[in-house]
There are 2 protein chains.
Amino acid sequence: MSTTPLATTRRATITDVAREAGTGKTSISRYLNGEMSVLSPELRARIEAAIERLDYQPNQMARGLKRGRNRLIGMLVADLTNPYSVEVLQGVEAACHALGLMPLICHAANEVEMERRYLQLLTTYRVEGVIVNALGVREETLRPVGDGGIPAVLVDRSVEGLVADMVGLDNRAAAELGTRHLLDNGFDDIWFVVQPFEQVSSRQLREAAFREVMSGAGAKGREGGLGGKGEGSRTGSKGGALGHTLVLNLAEPAAVERALAELDRAIDAAGGPRGAVANATGNAGRSAARSATDNATGNAIDSATGKPRRIALFAANAPVALCLALHLKARYGADWQARVALLSIDDPEWAELTGVTTIRQPTYEIGYRAVEFLHERIEGVQTTARDCLLPGELIVRASTSR
Amino acid sequence: MSTTPLATTRRATITDVAREAGTGKTSISRYLNGEMSVLSPELRARIEAAIERLDYQPNQMARGLKRGRNRLIGMLVADLTNPYSVEVLQGVEAACHALGLMPLICHAANEVEMERRYLQLLTTYRVEGVIVNALGVREETLRPVGDGGIPAVLVDRSVEGLVADMVGLDNRAAAELGTRHLLDNGFDDIWFVVQPFEQVSSRQLREAAFREVMSGAGAKGREGGLGGKGEGSRTGSKGGALGHTLVLNLAEPAAVERALAELDRAIDAAGGPRGAVANATGNAGRSAARSATDNATGNAIDSATGKPRRIALFAANAPVALCLALHLKARYGADWQARVALLSIDDPEWAELTGVTTIRQPTYEIGYRAVEFLHERIEGVQTTARDCLLPGELIVRASTSR
DNA sequence: CTGTTAGCGCGTTCAG
DNA sequence: CTGAACGCGCTAACAG
């Protein structure tokens, strides 16, 4: 098209302002940096006027080039689709605002390649620090960050081989809280559903804590379920209560289907509705599954009491919970919650709507603290890597109570 | 990993590389810019090695400073909490990736002051363009953008007094689609619920289209509802069907409560469950409301047929829909959908879960197109401001069908 | 108090 | 093909 890519109006530079104000660039620079005390009120007024007249705005790029710091920090988010991330972001933004930082938000969209690319981009833009909610990968792609590289703080999960500050949920306590809640409410067949562990520490920790509580003192756990690449379930028990771990690889529809099928068998085996009134609730005609008395898994009936087990699902995070809820609804109809309880870490907006019990993470504070840590790091703090574990809050809803 | 990482994070500069490669900066620069044809293979190899050895990464800031373009564009999002925004973002990112742009995502979090601040920040960082999903404000804060300023393209809504490309949903068609769907399915008492119009064109357009369809040929609309500052409802009718507009100011709890109260009266007045089987569905004991035969509004019974009206809510977007759903569930229990149908523009993740009918926006494409427009603008295209209206897709779910 | 002089890291003539 | 020199917009000494 037009050969002149030049904008209609080239933005004014510091030189323009100096000329307009009839002075040198230095005074302008001083004015911009708030060194008012060293400027005569008269000059100051002229500068002010010139700036106003030219609609001048200092070029942060040039400024950063000279000064060596551009007040930019990178915020690498693994998955913005996860409400957790957006909430953390709010905290990050607030903190940045307070500290005069400008967050560059980068969204890896669950793609390792994106993560790598953005990280590289961030360093070429010479951000002063990075707060990263990493994908489950090796430290490889995070090379430029951390130790020898630019300051970094991890969010939600730590990365193997990378020493850096980390702030996130107290996974251990949260998983215990949830498990105990389910146990206390009489559920004795609990399935912990989680995405592939890979390198994601938070998933590992949550599952480990769950398993630990389930196995209790006299652990008689065993490995079970489908064999093969990472799928399948671990099983343990405590005081007659059964605990299983199910891996749900959301990225692979086929794997999801297989895992859900296993779950279905367990639910069907658990038999009838969980409550007394439940049967009256049939929004009939939808339910695809029969109230099967099929006892294939052998876990449906408590061998001691002879009563049918009460089954509950413990989702390791919101995406998993959503996947489960959608499936259960499709299979058991709108009234699926009468058949199986659902508890989830993370508190998505639809939780209240569907009455699902959750453990809400202190997302805002996580984001805020992360920036504070990073800021200290940027300012030169050299202490050893710190961990900040914040507690989750159990929000009991209809799904798991009565 | 041969050489020791330099002490104080001192990144290698082009000069370092030149020295290391035993050549001048120019050659390095050429290498970086892919002008391989003018470099002897031998020199090229040396440069490559030097870069590798020093882990050199060009400084985009300095580069941009010189070249005048830094490949940065701003993406100003009004509310990341709205899934719509995140989805649009995906499209934006994909397009940026394809075009070699780097999006700086700024989240105004519904605060006008934030919007202003970020816009200013973006210009000081000399972004080459901005794609903005503006808050409902006057063109004032968008001054630096558009006409005389940096290229901009609007998303979802246009801004009064600001001429720029715009890409978004075909609001008119979408609202018609939804309204007709409700009408066709026998709903004859339809409430269009929308956030305050303010300067948000999309809300205005949606409501206008709704009203137009409802008033049909023989329009006998009237203004009604609570008086006062922007609250209240407009009422119109078509072929015996009633159409109301309810403004829901989500930012003000008190206003929300008042508006919802008005809605409740209408729903109560509409009387019993909407379907034949509905009564059998009572997840009883929860429903706070009685199957009131109260006829206060006078609209509950069709004066012609004498039959109770079938009431439906048409939410102008997802946040509104969520607010409505939460309220309805709290008031009428888990089975609220038996009493009132809900249709929403936007297709949040919980829609499928709750069976709410929606009109899904082509969010990804909206984002993608926005960047394409912006890119053209950046490259100097000078055509008059364009509008790109993309169609929405009706997704019928249980809520509104049978 | 104020102007002058160097660069920051890089791209771009323009002569070798 | 290569390198020296200049300047982008701005800040930081260093003199007046």
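On a predicted model such as this, the values are computed, not experimentally measured, just so you know. Throughout, a chain's letter reflects where its sequence line sits, starting with A, and its residues are numbered from 1.
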The nucleotide from C/dG3, D/dT11, C/dC10 with an atom nearest the side chain of B/T13 is C/dC10
Does the side chain of A/N59 reach to within under 4.5 Å of the side chain of B/Y125, using non-hydrogen atoms? no
C/dG9 base / B/R11 side chain donor-acceptor hit below 3.5 Å: no
I want to confirm an ordering. Mapping B/N33 and A/R44 to their closest nucleotides on DNA chain C, which one lands closer to the 5' end? A/R44
NA contact type, B/T124, heavy-atom cut-off 4.0 Å: base, sugar-phosphate, or nothing? nothing
Do the side-chain N or O atoms of B/R63 get closer than 4.0 angstrom to the phosphate oxygens (OP1, OP2) of C/dC10? no
From OH of B/Y125 across to C1' of D/dG9 the rounded distance in Å is 15 Å
Closest of C/dT2, D/dT11, D/dG3 to the B/R30 side chain is D/dG3
Taking only the side-chain nitrogens and oxygens of A/Y56, find out if one of them lies under 4.0 Å from OP1 or OP2 of D/dC10. yes
Does NZ or CZ of B/R386 fall inside the cone over B/F373's six-membered ring, less than 6.0 Å from its centre and within 45° of the axis? yes
Pair A/R11 + A/D55: basic N to acidic O under 4.0 Å: yes
Rounded to whole Å, how long is the line connecting atom CG of A/L65 with atom C1' of D/dT11? 10 Å
5' precedence on DNA chain C between B/E35 and A/P41 (nearest-nucleotide basis): A/P41
Between D/dC10 atom P and A/M61 atom CE, what is the distance in whole Å? 12 Å
Check: A/T26 side chain, D/dA12 base, donor-acceptor under 3.5 Å: yes
Any idea which of D/dC8, D/dC10, C/dG11 is nearest the A/I14 side chain? D/dC10
Strictly below 4.0 Å, N to O, side chains only: are B/R46 and B/E42 in salt-bridge contact? yes
Please work out if B/L39 contacts a base, only the sugar-phosphate, or nothing of the nucleic acid, heavy-atom cut-off 4.0 Å. sugar-phosphate
Separation of C/dT13 C1' from B/R67 CZ (nearest whole Å): 16 Å
Whole angstrom is fine here: how far is it from CD1 in A/I47 over to P in C/dC1? 13 Å
What is the distance, rounded to the nearest whole Å, between atom CD1 of B/I28 and atom P of C/dG11? 11 Å
Nearest whole angstrom, please: distance from the C1' of C/dC8 to the CD of A/Q60. 15 Å
Kindly point out which of D/dC10, C/dG9, C/dC10 is positioned nearest to the side chain of A/A62? D/dC10
State whether B/S29 places a side-chain N or O below 4.0 Å from either non-bridging phosphate oxygen (OP1 or OP2) of C/dG11. yes
Within this structure, what is the CG-CG distance for the pair B/N133 and B/L89, rounded to the nearest 0.5 Å? 10.0 Å
Students often get this wrong, so: under 4.0 angstrom with heavy atoms, is A/L43 touching a base, only sugar-phosphate, or nothing? sugar-phosphate
Between A/K66 (NZ) and C/dC10 (P), how many Å, whole number? 14 Å
Which distance, rounded to the nearest 0.5 Å, do you find between the CG of A/L80 and the CG of B/L80? 6.5 Å
